[in-house]
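Accompanying notes for the structure given below.
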Amino acid sequence: MNILVIGSGAREHALADAFARSPQIHRLIVAPGNAGISGSHNVKNLSAAAETIRFCREHAIDYVFIGGEQPIADGLSDALRGAGIKCIGPSRAAGRIETSKAFAKDLMQRFSIPTAAFRKANSRSEAGSALAEFSYPLVLKADGLAAGKGVYIAGNPAEAEAAFDTLFSNSDRTEIILEEFLEGWEVSLFAICDGEHFKTTIFSQDHKQLFDHDMGPNTGGMGAIAPVWEAEPYLQQIESRIISPVLRAMREENCPFCGILYCGLMITAQGPKVLEFNCRWGDPEAQAVLPLLATDLIEICRAIDTKEVDKLELKWHDACSVSVVLASKGYPSEPETGFVITLPADHRNSISFAGVKAREGKLITGGGRVLTVTARGDDREAARRLAYDIVKQIHFEGMQFRTDIGLRSNPPKTMEIQ
Ligand code: AMP
Ligand code: GLY
C-alpha cells in the first residue's frame, strides 16, 4: 500500500512511524514533512491541492491521511475525494465540528450533548451585555481556528474586558463564545468514525500549560500520557451520551463525520462534558497513543474508507507511554529559533520532530514546539523515567520543557468525584 501523510508536525511524524510499522506498507511519503522527519521517511513539498492530486495519481497513492485541521478547513479532503483519491479525514463541512466553535456548541445544545453552558455574541456590545448572565471565572473563546491560543479564562470583569480587547482587536463584529467554567480534570478520547459506526481508542491526556503543576500560559500541548485508565469508568457514558449523538447529529446535518474525532473532555462532578471536538488526532496525544497501537493503521484507514468500522478490532500493547515536548525559548508567544539541536546517537522511534530546519547539514530549531520525546514502559513511572533519560541527552539553546509529565494524579487530589 502507498500512503501519503499530510502535515509537518510531530503528530505527522508519529503517524508516519505508525504506518511504517505496517507489513502492508510499500511507499510512504510525508508532505511537506520537515528536516527531522526526512531523516527517517520520504518527504515531499506539495503546495497546492492540484499538485497533491497529480502526485497521488503518479505514485498510485492508496490513502492520503490528513494530519491536521488546516488542510481540512482548506478543503483538501473534498478536493481529493472529488478527484477519486481515497482520503482519511473529514470533509470541510464535517470539519466545522472543530473549525467553528459556534457550530459545535449549537449542535451539542440541539442534541443535548453535555457541555458547558454558553452564549454566542457577534459584537463587542453584545458580548458586554451577555456578561451579566455568567459568574466568574468565565471562559471566552474566539469562534474560528486559533491554534490553542483563542481561549481566555477571566477571573473578574476587568479580565473579561481585557480578553475582549484581544478578541475584538481586529473588528468589533467578530463571533465569540462566552462559556461557563467547568471544574474537573481533562482527558482526551479519539473515536475512529465512518459516519455511522465508531470505535474508541485508549484515553490520553494532554498537558496544556507551559510550566510544571499546570501553571503559566496555555500552549499547543507540552506533553501527553496514555493510557489514562483512570477515565475508563466513564467510557460507556462518553460513548452513549457524547459520541453516538454527535455522529447522529452530523448525519442529520448532512455532513457525516468520517475520520478521527477528537473528544476533549472535562470529567466533572456531574460526569464527562465536552470542552471541544477536533477533527483529527491530537498533538501531542497522538505521539503517546500511536506507539501503543497494535492494530495495523492501514486496517484503520480501510475500515473508515469502506464504512466497516463496526467490524474493526482495535488492539493495544499492554504498556504506557509518556511524551515530553521540547519547546523553544519564548514559546508560546515569541519563540526564538535558529539554534543547533544536539541529539542522542540512536533516537529512532523515540523522537517526533516538529519545528526543525536544516542548516549546513545540521538540524536547527525552526518553531515553537521543536520535537516530542516519547518512551514506552511497563507502567507510567517506567515510561516517564525513560522519556526524561532521553530528554537529558538532547540540547538546544533556550530549550524549555515540563518536568512533571506523567506525575499528575487523576483526578487531582483536591477533587472528589464519585
Ligand atoms: P479549547 O480550545 O476549547 O479546548 O480550550 C483550550 C483549553 O482551555 C481546554 O483544554 C481547557 O483547559 C480550557 N477550557 C476551555 N473551555 C473551558 C471551560 N468551559 N471550562 C474550563 N476550562 C476550559
Ligand atoms: N492536544 C490538543 C490538540 O491537539 O488540539
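Side chains included, hydrogens not; waters and symmetry mates left out as well; all remaining heavy atoms used. Atoms within a ligand are numbered from 1 in the order they appear, just like the ligands themselves.
- By the criterion of a heavy-atom distance under 4.0 Å, the side chain of Val139, and not its backbone, is placed next to ligand 1.
- The shortest N/O to N/O separation between Leu182 and ligand 1 falls below 3.5 Å.
- Atom numbering of ligand 2 starts at 1 in the shown order; those under 4.0 Å from a heavy atom of Gly282 are 4 (O).
- The pair Arg110-Glu252 does not count as a salt bridge, with every side-chain nitrogen at least 4.0 angstrom from each carboxylate oxygen.
- Not a single heavy atom of Trp281 sits less than 4.0 Å from an atom of ligand 2.
- Side-chain contact of Asn34 with Ser8: a donor-acceptor pair under 3.5 Å is absent, judged by distance alone.
- Salt-bridge formation is detected for the pair Arg385/Glu381: a Lys NZ or Arg NE/NH1/NH2 atom is positioned less than 4.0 Å from an Asp or Glu carboxylate oxygen.
- Taking a cut-off of under 4.0 Å to the non-hydrogen atoms of Lys141, the atoms of ligand 1 that pass are 3 (O), 15 (C), 16 (N).
- The contact set between ligand 1 and Lys208, taken as ligand atoms under 4.0 Å from a residue heavy atom, comprises 10 (O).
- Near Ala116, meaning under 4.0 Å from any of its heavy atoms, are these atoms of ligand 1: 19 (N).
- Within ligand 2, the atoms closer than 4.0 Å to a non-hydrogen atom of Asn278 are 5 (O), numbered from 1 in the order shown.
- Ring to ring, Phe203 and Tyr234 are not that close: their centroids are 6.0 angstrom or more apart.
- A salt bridge links Asp165 with Arg124: the distance from a Lys NZ or Arg NE/NH1/NH2 to an Asp or Glu carboxylate oxygen falls below 4.0 Å.
- Applying the 4.0 Å criterion to heavy atoms of Arg280 picks out, from ligand 2, the atoms 3 (C), 4 (O), 5 (O).
- A salt bridge is absent between Lys141 and Glu175: the closest approach of a Lys/Arg side-chain nitrogen to an acidic carboxylate oxygen does not fall below 4.0 angstrom.
- Arg380 and Glu230 are joined by a salt bridge, as a carboxylate oxygen and a charged side-chain nitrogen come within less than 4.0 angstrom of each other.
- Not a single heavy atom of Arg11 sits less than 4.0 Å from an atom of ligand 2.
- Each of the following atoms of ligand 1 lies closer than 4.0 Å to a heavy atom of Glu186: 9 (C), 10 (O), 11 (C), 12 (O).
- Remark: distances from the non-hydrogen atoms of Lys101 to ligand 1 include one below 4.0 Å.
- Checking side-chain atoms of Asp143 against main-chain N and O of Ala102 turns up a donor-acceptor pair under 3.5 Å.
- For ligand 1, the atoms sitting less than 4.0 Å from at least one non-hydrogen atom of Asn218 are 7 (C), 8 (O), numbered in the order shown with element in parentheses.
- Atoms of ligand 2 found under 4.0 Å from any heavy atom of Glu285 (numbered from 1 in listed order, with element): 1 (N), 2 (C).
- Ion pair Glu98/Arg280 flagged as a salt bridge, since at least one NZ, NE, NH1 or NH2 atom sits closer than 4.0 Å to an Asp/Glu carboxylate oxygen.
- A salt bridge does not link Glu179 to Lys101: none of the charged side-chain nitrogens sits closer than 4.0 Å to a carboxylate oxygen.
- Comparing Glu276, Glu183, Met266, Glu180 against atom 1 (P) of ligand 1, the shortest heavy-atom distance belongs to Glu276.
- Residue contacts with ligand 2 for Glu98 are absent, since no atom lies close enough (heavy atoms, distance under 4.0 Å).
- For ligand 2, the polar-atom distance check against Lys208 finds no nitrogen or oxygen pair separated by under 3.5 Å.
- In summary, Arg302 and Asp305 do not engage in a salt bridge, as defined by a charged side-chain N under 4.0 Å from a carboxylate O.
- The Tyr262 neighbourhood of ligand 2 comprises atoms 1 (N), 2 (C), 3 (C), 4 (O), with distances under 4.0 Å to a heavy atom of that residue.
- Within ligand 2, counting atoms from 1 as listed, the ones closer than 4.0 Å to a heavy atom of Asp206 are 1 (N), 2 (C).
- The option with the heavy atom closest to atom 23 (C) of ligand 1, from among Val274, Thr115, Leu140, Leu275, is Leu275.
- Partner of Val370 under the side-chain contact (heavy atoms from CB on, under 4.5 Å) criterion, chosen from Thr337, Ile364, Ile341, Leu363: Ile341.
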